Amino acid sequence: MTDVLARLKALQADDLPVHGGRTLAYVYDSGLPDIDRIGREAVAAAAATNGLDPTAFPSLLRMENDLVGFGLRLLDAPAGAVGTVSSGGTESVLLAVQGARDSRPDVADPVIVVPSTRHAAFDKAAHYFGVEKRVVPVGADFRADLAATEAALDELGDRVVLLVGSAPSYAHGVVDPIPALASLASSRGIRCHVDACIGGWVLPYAARLGRDVPPWTFAVDGVTSISVDLHKYGYAPKGTSLLLHRSPALRRPQYFSSADWPGYTMLNSTMQSTKSGGPLAGAWAVVEALGDDGYLTLSRQVFEAVDLIVAGVAAIPALSLVAAPDSSLVAFSTDSSCDAFTICDEMLDRGWYVQPQMSYAGAGPSVHLSVSAGTRAHLDEFLVALAASVAAAQEAGPIAVDPGIAAYIESLDPAALTDEDFDGLLAASGLVGQGDSGELELPKRLAEVNAMLDLASPAMREALLITFLDRLQRPSASR
Ligand SMILES: Cc1ncc(COP(=O)(O)O)c(C=O)c1O
């Protein structure tokens, strides 16, 4: 029976490492084995409990209230503020949008107003909940443009149920002008949500360390809700985020109850109903074990690493920062001597995962780093790998996509992409082979695929990648 665990370990051999500070996306590594162990053991201890009914598992209610209390104190919430633990940033964002929509049953055609740098979770929320979204282009500094936001709010009037800002935005790592956004919202009686999913647990400690952090918490009048993820800079196991509200009245529309069926009365504060208590317990244990002092120490390491990376990027002439980072995210672009996608491949060859970002709204591709505390101890190696990767990318030269393939992509209609179109693209590019069993085989180096996708419009990228995922998610015939 234990054989399956060995098989699980074997299956994980090709996964990115989650420890060691060398994976600068998707995972957040404290670099503290004891913290990882405590989180893991707590997840296992509560894995079979069910958060569907917190009265049946009072430990879960207690841990949720403890976590929310910690978050509210950290984010300067006033007395009486409340919150909920959700399964992740996307669920917190979905609930913020759903709650805003349902707080205004009088509005027949609700709209959310978001800066163009918002996380795509808001697009998903608009899509799921039938809410319109108005995307307002940001300024040259990648921060929300106040005049354009004000004009959108004036134009849309009573239809607006939510205004959004980020602290910080994922792609560029800068904090929106939250006081001004919140004031625009509150003067119109609109909710203002700050998406601090990625930065919310690290920015308060950055401020305590004396760094210059623009105001964005509940200390800012007019901020009605904040999302902040524990499974990012809370260094908790995956599966927890907080959605915090300034008052119980603001949270109220988030609740769902149904007694109108023959079974138990369903009563939920989140989108899930039955849910494992494991992630909640994992987060609780990690937050209790680290406490304020632990997070301050980890944040110091994060920002030492960020400063060293910023200096390292400045020392490489081919690279430039997309924006000076306000937080723990660094994005840099290249000059014409090399390209960002090849640098990502070269870094992976050297044992570092860094994330490629495609061209968007006139800005070229870039390399994105989510810097964790666990990376600090390996920063010298990171900088050596970065310099070598840039040199190798320069040696290879920027990728030129075959003009025939570029024309083929251009000719496809994203709204009507068929499996045949996708097969045609695979065949034309010669990039992705189909194994004997008909399964997709990804090449080891992705720069050429990324360069090809970079030429496609966002709608075309979405269509291509959905087709791709649909192909991946099929049980193997050879199993
Ligand atoms: C600003 C922001 N909001 C929302 C999310 C979505 O979080 P998750 O991936 O946990 O659903 C992310 C994820 O990186 C993020 O950076």
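Positions are given from 1 along the sequence. In this text the structure is predicted, and so the values were computed from the model without any measurement. One-based numbering, in listed order, for ligands and for the atoms of each.
K232 NZ, 3.8 Å is the protein heavy atom nearest to atom 9 (O) of ligand 1. Considering only non-hydrogen protein atoms, atom 1 (C) of ligand 1 sits nearest to D195 OD2, 3.3 Å. Ranking protein heavy atoms by distance to atom 11 (O) of ligand 1, first place goes to T90 OG1, 2.6 Å. Among protein heavy atoms, the minimum distance from atom 16 (O) of ligand 1 is reached at Y170 CD1, 3.2 Å.
You'll find the side chain of V161 stays beyond 4.5 Å of the side chain of I190, heavy atoms only.
Remark: D454 engages R461 in a salt bridge (charged side-chain N to carboxylate O under 4.0 Å, His left out) (not counting sequence neighbours).
Shown here is R37, whose CZ atom has more than 12 heavy atoms of other residues, nucleotides or ligands within 6.0 Å.
With ligand atoms numbered from 1 in the order given, ligand 1 contributes 6 (C), 7 (O), 8 (P), 10 (O), 11 (O) to contacts under 4.0 Å with heavy atoms of G89. Close approach of ligand 1 to I198 is summarised as follows: ligand atoms under 4.0 Å from at least one heavy atom of the residue are 16 (O). Numbered from 1 in the order shown, with element, the atoms of ligand 1 that lie under 4.0 Å from a heavy atom of D229 read 7 (O), 10 (O).
Residue E91 has no nitrogen or oxygen atom sitting less than 3.5 Å from a nitrogen or oxygen atom of ligand 1, judged on distance alone.
Between the side chains of T467 and D470, no donor-acceptor pair is found at a separation under 3.5 Å. Counted by atom type alone, S86 and S92 present one or more donor-acceptor pairs between their side chains at under 3.5 Å.
Between W352 and H378, the ring-plane angle classifies as perpendicular under the 30° and 60° cut-offs. Between Y295 and F70, the two ring planes are perpendicular [angle over 60°; tilted spans 30° to 60°].
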When you look at Y205 and Y233, which way does the ring pair (Phe, Tyr, Trp, His ring centres under 6.0 Å) test go after all the steps?
CA-CA 11 Å; Y205 297 104; Y233 286 96; over 10 Å; no

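Residue-level proximity to ligand 1 for C197 is carried by the side chain, the only part with a heavy atom below 4.0 angstrom.
Ligand 1 lies within reach of H231, whose nearest heavy atom is under 4.0 Å from it.
When K238, K124, H119 are checked for heavy-atom proximity to atom 15 (C) of ligand 1, H119 turns out nearest.
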